[in-house]
Amino acid sequence: MTPQYLLIDADDTLWENNIYFERAFDEFVAFLDHSALSPTEVRAVLDEIEAVNAKIHGYGSLNFGRNLRQCYQNLCERTVHPDDLNTVMAFAERILECPMEDHRGCPGDSRIPAHSP
């Protein structure tokens, strides 16, 4: 049997800051206010959209906003207005205003030396 390996890229800048993305998703679910889908089901739809779009646009808070917008357009049970889309994008844009954990320069991190000469 061929050995299989599982690699996990738990980049500290994503790992510790993921809470901001989760908060944005919670705001999105509340704003969407879907009559039949649970937050878990909405997350499944968003995950499918992200899987496709990540190959095209990559990751990041603005791309996350694009994915939320597409998810909203697919799932919204009322007429979609431009203000609604602006609100959805604002959930992701607020992530940019959050304090980000950055561990570059910490012992064991080879990206940037801890001390510059």
Side-chain angles (χ1 to χ4, degrees):
M1 178 177 201
T2 304
Q4 295 180 349
Y5 301 93
L6 173 64
L7 300 175
I8 299 173
D9 181 8
D11 184 294
D12 51 54
T13 60
L14 294 175
W15 193 264
E16 293 183 8
N17 297 316
N18 189 56
I19 187 145
Y20 304 129
F21 289 87
E22 292 302 321
R23 287 178 186 162
F25 175 75
D26 291 344
E27 290 177 302
F28 171 76
V29 169
F31 183 70
L32 177 64
D33 194 27
H34 201 279
S35 66
L37 297 179
S38 70
T40 302
E41 292 167 317
V42 172
R43 170 65 79 178
V45 172
L46 179 61
D47 287 347
E48 289 177 20
I49 290 168
E50 287 182 321
V52 171
N53 288 344
K55 295 174 186 173
I56 301 166
H57 303 291
Y59 298 95
S61 54
L62 295 180
N63 290 328
F64 179 67
R66 180 184 291 124
N67 296 332
L68 287 178
R69 182 178 62 210
Q70 185 176 343
C71 188
Y72 185 80
Q73 290 171 316
N74 290 348
L75 298 180
C76 187
E77 299 175 299
R78 54 192 177 271
T79 303
V80 177
H81 298 286
D83 286 346
D84 296 334
L85 299 178
N86 291 338
T87 298
V88 169
M89 288 300 292
F91 298 145
E93 290 168 355
R94 279 199 292 273
I95 295 170
L96 297 171
E97 300 168 5
C98 295
M100 296 289 158
E101 294 290 327
D102 186 352
H103 297 286
R104 290 178 291 181
C106 291
D109 189 332
S110 61
R111 291 177 290 185
I112 297 177
H115 299 29
S116 299

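Numbers for residues simply follow the sequence, beginning at 1.
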> Looking at residues at least two apart in the chain, or sitting in another chain, which of them share a side-chain hydrogen bond (donor to acceptor under 3.5 Å, both in side chains) with E77?
Replying inline: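 side-chain hydrogen bond (donor to acceptor under 3.5 Å, both in side chains) check on E77 returns S35.
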> Listed by chain and number, what are the side-chain hydrogen bond (donor to acceptor under 3.5 Å, both in side chains) partners of R66, not counting sequence neighbours?
Replying inline: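 Expected list: H57, N63.
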Quick check: closest heavy atoms across [X] and [Y], and the distance to 0.1 Å?
| X | Y | result |
| --- | --- | --- |
| L68 | F28 | O-CE1, 3.4 Å |
| T79 | D84 | O-OD2, 3.6 Å |
| M89 | L62 | CE-O, 4.3 Å |
| L32 | R78 | O-NH1, 3.3 Å |

Would you give the length of the straight line joining atom [atom1] of [X] to atom [atom2] of [Y], rounded to the nearest 0.5 angstrom?
| X | Y | atom1 | atom2 | result |
| --- | --- | --- | --- | --- |
| N18 | I95 | CG | CD1 | 9.0 Å |
| R43 | E22 | CZ | CD | 4.5 Å |
| L46 | E41 | CG | CD | 14.0 Å |
| L75 | D33 | CG | CG | 12.5 Å |

> Which is it for R94 and E27 under the side-chain contact (heavy atoms from CB on, under 4.5 Å) test, yes or no, and what are the steps along the way?
Replying inline: CA-CA 11 Å; R94 279 199 292 273; E27 290 177 302; 2.9 Å; yes
>> Is the terminal nitrogen or CZ of R69 (NZ for Lys, CZ for Arg) located under 6.0 angstrom from the six-membered ring centre of F31 and within 45° of that ring's axis?
In response: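 No, R69 does not lie over the aromatic ring of F31.
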> Quick one: which of F91, F21, Y20 gives a side chain to side chain contact (heavy atoms under 4.5 Å, CB included) with F64?
Replying inline: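 That would be F21.
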>> Which residues pass the ring pair (Phe, Tyr, Trp, His ring centres under 6.0 Å) test with F25, not counting sequence neighbours?
In response: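 Partners of F25 by the ring pair (Phe, Tyr, Trp, His ring centres under 6.0 Å) criterion come out as none, since no residue qualifies.
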> Would you say E48's side chain and V45's backbone share a donor-acceptor pair under 3.5 angstrom?
Replying inline: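 Side chain of E48 to backbone of V45: no pair is present.
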> Is Q73 close to L85 at the side-chain level, that is, under 4.5 Å between some pair of heavy atoms?
Replying inline: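 The answer is yes; the side chains approach within 4.5 Å.
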